[in-house]
Amino acid sequence: MAEILPFRAWRYNDTLSDSIDELTAPLFDVVSEKQRQALYRNPINSIHLSVPLGDNPAQAAAVLLQQWKNKGVLLQDHLPGIYVYYQYFRLPGNDKEYVRKGFICNIKAYDWKEGILLRHENTIPAAVNDRIALLEETEMNTSPTHGLYTDEAFILEPYLDESIRSPLYETEDYQGVRDVLAVIHDHAIIRLFVETLREKQILLADGHHRYEGSLEYRKKRMAQNPNHTGVEPYNYHLMYLTNSEHDDLRILPTHRVLKRMEMTDEEFLSKLSSYFTIIPKEDPLELNEVIVGKQWAFGLFLSGNAYKLRLKPEVHGQIDWNFPSEVKNLDLTVMHYFIFEKVLGIYRKAQRDYEDLSYVRNFTSCIRQVDSGEARLALITNEITMDQVKRVCHSGAIMPQKSTFFYPKVISGFLFSSIKEDEFITAPAACL
């Protein structure tokens, strides 16, 4: 089903005095303003290509990219390859070192309706338009999205493990994660990767806006090309692929913080009691622990007071959103339906862009915002499981916004993938 290709990556010149960790950057949608400003101070940091500044940022990125090519800041690898990418990490309160194994390649940008690449969340049009403009001007994929394939036999892992023993880069990123990048040039092994993925569907884990930007750019170029064949460079997108069956694939929860609401605490709790069992808790710092493994359970920190909420099972059938059971059974669907719509009166369509609602991944930050008076309440949730992600994707439905946070995040700047005619390796040229 899925067509992947090796590529000749553009990478930083090894002779640069800057070490690679000074040239990489977090993804544009997770970098904080403070991080962003620090990265911009380095004139050759990759953020200038992935999140460019200026009145016409896409055009500025294109000019800078050409300068970097001319000056040898970036060089294109001579041989096409599959780029192996491992991320070694630990989680708070756990001494185990995890390793997420995967590889970076080009993949055809399939329309959602083709059923080859499946999504689990919606996109915001303005963010997609920014990505399209960047592709049009630079003809360069500056950071890979993250996709999942299912391979219970782990056919590719031995080749990944062998390659990673000879890394191109090894560094520690802003997350405290050890990133290791290697490359496979062997034609027979690359062919195995291509053939293995040809039988797979891909679940898009992270990077919906960037992927949809490539998809819309492909549609635009197809419409302009009466001789479209399907093998042109504009058909392809850069993706980091990992095996969904690997035990070290982690999805962390994203909590909800509400700055203000138009009712008293007493009124809010009274309305909640129609749907939830409410149990006061002494220590708010334990809210994330008391809900672990419990379906439809949430932590609530409200004006300095902590509570455990558990949906009354008999009310679950009241959910009248037009979703399949795979989505209705999710904790976050329960939260958004009963708490935000039924209790707070914020209807589903309005929730997506509700300015007083923020999405916070750090549990202690949620508590701190309420304690400081910056927010009125925080809702603490459990993580989504990989099985739930698969069920929702295959149902064709969409999860509530900000449902998944695949950890760790992929880092930008190790490599770039060109979709210029004279810099791209097509399937026929790669003899695949």
Problem - Shortest non-hydrogen separation from Y88 to E97 and the atoms involved - result: CB-OE2, 3.8 Å
Handout entry: K271 with E267: basic N within carboxylate O range, under 4.0 Å
Key = no
Exercise for the section: Would you please indicate yes or no on a ring centroid separation below 6.0 angstrom for H255 and Y359? Expected result: no
Practice task
Compute whether any side-chain donor of one residue and acceptor of the other, for H237 and R218, lie under 3.5 angstrom apart.
Solution key: no
Problem - Test item: side-chain donor near acceptor, Q87 and Y85, under 3.5 Å - result: yes
Handout entry: Check against side-chain contact (heavy atoms from CB on, under 4.5 Å), E3 and L197
Key = CA-CA 7 Å; E3 180 188 328; L197 268 293; over 6 Å; no
Exercise for the section: Could you tell me whether the side chains of S50 and S143 share a donor-acceptor contact shorter than 3.5 Å? Expected result: no
Exercise for the section: Begin with the C-alpha distance, continue with both residues' side-chain angles, and end with the deciding distance and a verdict on side-chain contact (heavy atoms from CB on, under 4.5 Å) for E326 and H394. Expected result: CA-CA 10 Å; E326 290 86 352; H394 289 294; over 6 Å; no
Handout entry: Basic-acidic side-chain contact under 4.0 Å: K96, D248
Key = yes
Problem - Close side-chain approach of Q35 to Y174, heavy-atom, < 4.5 Å - result: yes
Exercise for the section: Return yes if some donor-acceptor pair links the side-chain N/O of T242 with the main-chain N/O of L148 below 3.5 Å, else return no. Expected result: no
Exercise for the section: Check whether any side-chain heavy atom of E341 sits under 4.5 Å from a side-chain heavy atom of Q351, and report yes or no. Expected result: yes
Problem - Qualifying residue for ring pair (Phe, Tyr, Trp, His ring centres under 6.0 Å) with F414, from Y86, Y12, Y169 - result: Y169
Problem - Lys/Arg-Asp/Glu bridge criterion (N-O < 4.0 Å) met for E355, K259 - result: no
Handout entry: Aromatic centroids of Y83 and Y240 separated by under 6.0 Å
Key = no
Exercise for the section: Output the distance between atom OH (Y149) and atom CG (L117), rounded to the nearest 0.5 Å. Expected result: 14.5 Å
Exercise for the section: Check the side chains of S417 and N106 for a donor-acceptor pair under 3.5 angstrom, ignoring hydrogens and angles. Expected result: yes
Problem - Side-chain heavy atoms of L272 within contact of I339, under 4.5 Å - result: yes
Practice task
Flag the pair R256 / K402 as yes when at least one side-chain heavy-atom distance between them is below 4.5 Å, and no otherwise.
Solution key: yes
Practice task
For I202 and G147, work out which heavy atoms get closest and say how close.
Solution key: CG2-CA, 4.0 Å
Handout entry: Donor-acceptor contact below 3.5 Å, side chain S270 vs main chain E266
Key = no
Completion exercise
dist D179:CG -> R100:CZ (nearest 0.5 Å) comes out at 9.5 Å
Exercise for the section: Taking the side chain as every heavy atom from C-beta outward, state whether V183 and L168 have any atom pair closer than 4.5 Å. Expected result: yes
Problem - Pair D387-T385, side-chain donor/acceptor within less than 3.5 Å - result: no
Handout entry: Donor-acceptor pair between Q175 and Y407 side chains, under 3.5 angstrom
Key = no
Exercise for the section: Decide yes or no for I132 and N129: does some side-chain heavy atom of the first lie under 4.5 Å from some side-chain heavy atom of the second? Expected result: yes
Practice task
Please check if the distance between the ring centroids of W112 and Y211 is under 6.0 Å.
Solution key: yes
Practice task
Assess the pair F103 and F193: is the distance between their ring centroids shorter than 6.0 Å?
Solution key: yes
Exercise for the section: Decide if atom OH of Y159 counts as having more than 12 heavy atoms of other residues, nucleotides or ligands within a radius under 6.0 Å. Expected result: no
Exercise for the section: Please say whether the positively charged group of R348, taken as NZ for Lys or CZ for Arg, lies over the ring of W321, i.e. under 6.0 angstrom from the six-membered ring centre and within 45 degrees of the axis. Expected result: yes
Problem - Side chain S166, main chain S163, donor-acceptor under 3.5 Å - result: no
Fill in the blank from the handout: Taken to the nearest 0.5 Å, the spacing of L379 CG from Y307 OH works out to 13.0 Å
Practice task
Verify the distance criterion only: is there a donor paired with an acceptor across the side chains of S303 and D265 at less than 3.5 Å?
Solution key: yes
Handout entry: Interatomic spacing from CG in L160 to CD1 in I184 - rounded to 0.5 Å
Key = 5.5 Å
Handout entry: Evaluation steps, side-chain contact (heavy atoms from CB on, under 4.5 Å), between L415 and L238
Key = CA-CA 10 Å; L415 51 75; L238 186 66; 4.1 Å; yes
Problem - Close side-chain approach of R310 and F276, heavy atoms under 4.5 Å - result: no
Exercise for the section: Starting at CZ of R178, measure out to CG of D173 and round the result to the nearest 0.5 Å. Expected result: 11.5 Å
Handout entry: Check: F298 and L311 side chains under 4.5 Å, non-hydrogen atoms
Key = no
Practice task
Kindly say whether the aromatic ring centers of F7 and Y236 come within a distance under 6.0 Å.
Solution key: no
Fill in the blank from the handout: Paired with V180, the side-chain contact (heavy atoms from CB on, under 4.5 Å) test is passed by just one of V99, I164, V84, namely I164
Problem - side-chain contact (heavy atoms from CB on, under 4.5 Å) assessment of R11 paired with D77 - result: CA-CA 7 Å; R11 296 190 292 117; D77 285 349; 3.1 Å; yes
Practice task
Give a yes or no on whether a salt bridge exists between K308 and E282, defined as a side-chain N under 4.0 angstrom from a carboxylate O.
Solution key: no
